[in-house]
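First the proteins, then the strands, lettered A, B, ... as listed; each starts at 1.
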Number of protein chains: 2
Amino acid sequence: MVNIKDVAKQANVSIATVSRALNNNKSVLPETKQKILKIAKELNYTPNLIARNLITQKTNVIAFILPEVGGDYFSEIIRGVDEVAFNSNYQLLVASSHSQRNTMETTLKFLEKSRVDGIILMLPSLSDQMKDILANHTTPIVAINGEGEFPAINTVGIDNFQGTYSMISFLINSLGYSKLGLIKGPSYNYDATKRRKGFLKALKDNNISHNEDWEIEGGFSVTGGELACSRILSLNEKPEVIFACNDMMAAGCYKAIQSFNLNIPDDIGVVGFDHVFLSEFITPKLTTVHVPTVDIGREAAKLLFKQINSEEETSVEHTKISTGFIIGGSTKSQKK
Amino acid sequence: MVNIKDVAKQANVSIATVSRALNNNKSVLPETKQKILKIAKELNYTPNLIARNLITQKTNVIAFILPEVGGDYFSEIIRGVDEVAFNSNYQLLVASSHSQRNTMETTLKFLEKSRVDGIILMLPSLSDQMKDILANHTTPIVAINGEGEFPAINTVGIDNFQGTYSMISFLINSLGYSKLGLIKGPSYNYDATKRRKGFLKALKDNNISHNEDWEIEGGFSVTGGELACSRILSLNEKPEVIFACNDMMAAGCYKAIQSFNLNIPDDIGVVGFDHVFLSEFITPKLTTVHVPTVDIGREAAKLLFKQINSEEETSVEHTKISTGFIIGGSTKSQKK
DNA sequence: GCATATCAAGAAAACGTTTACAAGAGATTT
DNA sequence: AAATCTCTTGTAAACGTTTTCTTGATATGC
């Protein structure tokens, strides 16, 4: 494999000069530079990045660490991260812990020490040991969806509370619903708990009492949502609309409602959260809270690079991404 | 940052011994090893991977290069790759060319030279320059979906031809269809052209003539499929069933058919290819060719590691992944 | 015309490891 | 008892760059 020495020998200069020529250092004569570049090209030389990384203490790689690879959410976020990284001339290392908690910790520690210039961490929750590691971290880190729990590190997240609050208020005030059910997500999941809080607050602020029987956990999955919805539909008194804390569970509701031979939205309304691709294709189209998923990745990456590129210590930042509304056919139409 | 020297000093041994202890070299006294490991832990020492990579000429990183990050297909394939890489103790670098052709080439060249031990390449087609690079490659490479076009490099792909052929034969022989339309994909796309060939061969082998008017390009997208389907529906003589070369275009067909106020499958049948997540949720459920997407990633990674781990030159391999059938409600029910 | 500033290029150190080779001690063979 | 082998550890080279510090030459100022 051809290295800098070969180029230097061929060009009759020292390796230092070759290095300078390749890095556009001003203190190399234009003609020398041309000669070196020409020879480098002829020999098909490209610098060894590992060696460069070792000496410069920089890798131009950022890591994206998450529990599980796959799915819509992942693929959209990584798209945003990739876009920004690409424009900043960075490469992206994807590290999944395969849902093993302590693997996530080791991975993080592992990467912190070397190899990557920054880390984007996507975690549903934080273990104590993880907090410990984050507290003593040296590599720039941005966490997605960790807001509130750990003020010491940068975070980017969607406004779960406000998004839910607005949607529920809309259901009550503009669509006239007054009996609302809730299919919530796992309690250890930040997004899930924030959405539940938004739901409850909106009810309270609109003087609507919350029926405990209408609140069931659906595990953020299609089947979980289906099960939860079935239980609600089996009750004597049913809600007029069900707010599922994510679209997957809302899709589960569709299945349950179909198997009960009921109609959406005439018999019961369904509302989701996330605005996943699927939500546009199920019939009727789902009313849901739009989440600009790609933006989450973009913002996280931007924040990370801001940290990486500033020499002095930057203050911790928390970016909140606002949500939007998608009005589909799964809720009754607007009151006049 | 604590390095191997610090550990050596603290333990009163040479850095060589520390290195050996950490790498489980047998020729280090158990008590010495214990002492070293203890001190390493106390000092919170982890070896610098870059330095290790430089000397060992190995990075334990593989790259996954593709035109565009995002979407279902990507996310499933990367899941398979990640799974195998994880089990082999490898990290995964994702490099998108953002659809810029020559960026893909540079990226490839770039990575070839250093940094990664192997490359998985996902490409819809091969430019001449790309072929040139691949011919002179030194790093182990596996291409996804490049089969046939470039025998010199390892490939993993699904059996597009057989998958389509079987499905079309089934439509004709078991369901009794005899008038079949085709919405094909882009002509530069391997998968698309192979699927078209399977379609045509099945028709021929079953003595069914192919109506050129019923063959339209849909660009592999939802809107493309919708447009193509609309054109077919506007014809005087329509087919009984439309085979869309992927599920996205099939979903587009649903939209077009709805807007023509026709019923699936009574007025016209729709069949897709890919079995994407979505296909299970549209109504009626789509009849489609199942593609084990995760397996593609898995097999590609396995093949790559086989290459990486064998010292002698291995022969080129082409792995073909077989497809399956999903019978939904978008086609008429089986003849008795 | 001499001291000084400027400039291009080279020598060598540095980054943090792994590993080939050497060395010394103790055990084993002849 | 000398020779050989084995076992543990140390010394130093190597990986391929970047960069600091020199060096020598030429230009500039007086």
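Between C/dT17, C/dC15, D/dT18, one nucleotide has an atom nearer to the side chain of A/Ile4 than all others, and that is D/dT18. Taking every side-chain heavy atom of A/Ala51 into account, D/dT17 is the closest of D/dT18, D/dT17, C/dT18.
For the residue pair A/Asn25/A/Lys33, the side-chain donor-acceptor check at 3.5 Å is not satisfied. No hydrogens or angles considered: nothing links the side chains of B/Asn160 and B/Tyr190 as a donor-acceptor pair under 3.5 Å. Side-chain atoms of A/Thr59 and A/Asn53 form no donor-acceptor pair, as typed in the model, at a separation below 3.5 Å. Of the N and O atoms on the side chains of A/Gln307 and A/Asn154, at least one donor lies less than 3.5 Å from an acceptor on the other residue.
Going from atom CE of B/Met1 over to atom C1' of C/dT17 covers 16 Å, rounded to whole Å. At whole-Å resolution of the value, CG in A/Leu54 and C1' in D/dT19 are 13 Å apart. Going from atom CG of B/Asn48 over to atom C1' of C/dA14 covers 13 Å, rounded to whole Å. Rounded to whole Å, atom P of D/dT6 lies 17 Å from atom CG of B/Asn25. Look at CD1 on A/Ile50: it is 18 Å from P on C/dC15, rounded to the nearest Å. As rounded to whole Å, 12 Å separates atom P of C/dT18 from atom CG of B/Asn3. Rounded to an integer number of Å, the gap from CZ of A/Arg52 to P of D/dT18 is 5 Å. The nearest whole Å value for the distance from the NZ atom in A/Lys35 to the C1' atom in C/dA9 is 11 Å.
Proximity of A/Ser19 to the phosphate of D/dT17: no side-chain N or O atom is located under 4.0 Å from OP1 or OP2. Contact check, B/Asn23 against C/dT18: a side-chain N or O comes under 4.0 Å of OP1 or OP2. Neither OP1 nor OP2 of D/dA14 sits under 4.0 Å from any side-chain N or O of B/Gln57.
Summarising the geometry, atom OG1 belonging to A/Thr32 is positioned 11.0 Å from atom CZ belonging to A/Arg20; distances are rounded to the nearest 0.5 Å.
Counting non-hydrogen atoms under 4.0 angstrom, B/Asn53 reaches nothing in the nucleic acid.
Between B/Ala11 and B/Ile36, the shortest heavy-atom contact is CB-CG1, 4.2 Å. Summarising the geometry of B/Glu317 relative to B/Lys306, their closest heavy-atom pair is OE2-NZ, 2.5 Å, with the distance given to 0.1 Å.
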Could you go through nucleotides 7-10 of chain D and list every protein N or O atom that sits under 3.5 Å from one of its N or O atoms, giving the distance for each pair?
{"unit_1": "D/dT9", "atom_1": "OP1", "unit_2": "B/Thr32", "atom_2": "OG1", "d": "2.6"}
{"unit_1": "D/dT9", "atom_1": "OP2", "unit_2": "B/Leu29", "atom_2": "N", "d": "2.8"}
{"unit_1": "D/dG10", "atom_1": "OP2", "unit_2": "B/Ser14", "atom_2": "N", "d": "2.8"}
{"unit_1": "D/dG10", "atom_1": "OP2", "unit_2": "B/Ser14", "atom_2": "OG", "d": "3.1"}
{"unit_1": "D/dG10", "atom_1": "OP2", "unit_2": "B/Thr17", "atom_2": "OG1", "d": "2.6"}
{"unit_1": "D/dG10", "atom_1": "N7", "unit_2": "B/Arg20", "atom_2": "NH2", "d": "2.7"}
{"unit_1": "D/dG10", "atom_1": "O6", "unit_2": "B/Arg20", "atom_2": "NH1", "d": "3.3"}
{"unit_1": "D/dG10", "atom_1": "O6", "unit_2": "B/Arg20", "atom_2": "NH2", "d": "3.3"}

What's touching nucleotides 22-24 of chain C from the protein side, N or O pairs under 3.5 Å?
none

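Checked against salt bridge (charged side-chain N to carboxylate O under 4.0 Å, His left out), B/Lys38 has the following partners two or more places apart in sequence or in another chain: B/Glu42.
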So A/His318 and A/Val156, side-chain contact (heavy atoms from CB on, under 4.5 Å) or not? Walk me through it. CA-CA 6 Å; A/His318 300 282; A/Val156 171; over 6 Å; no
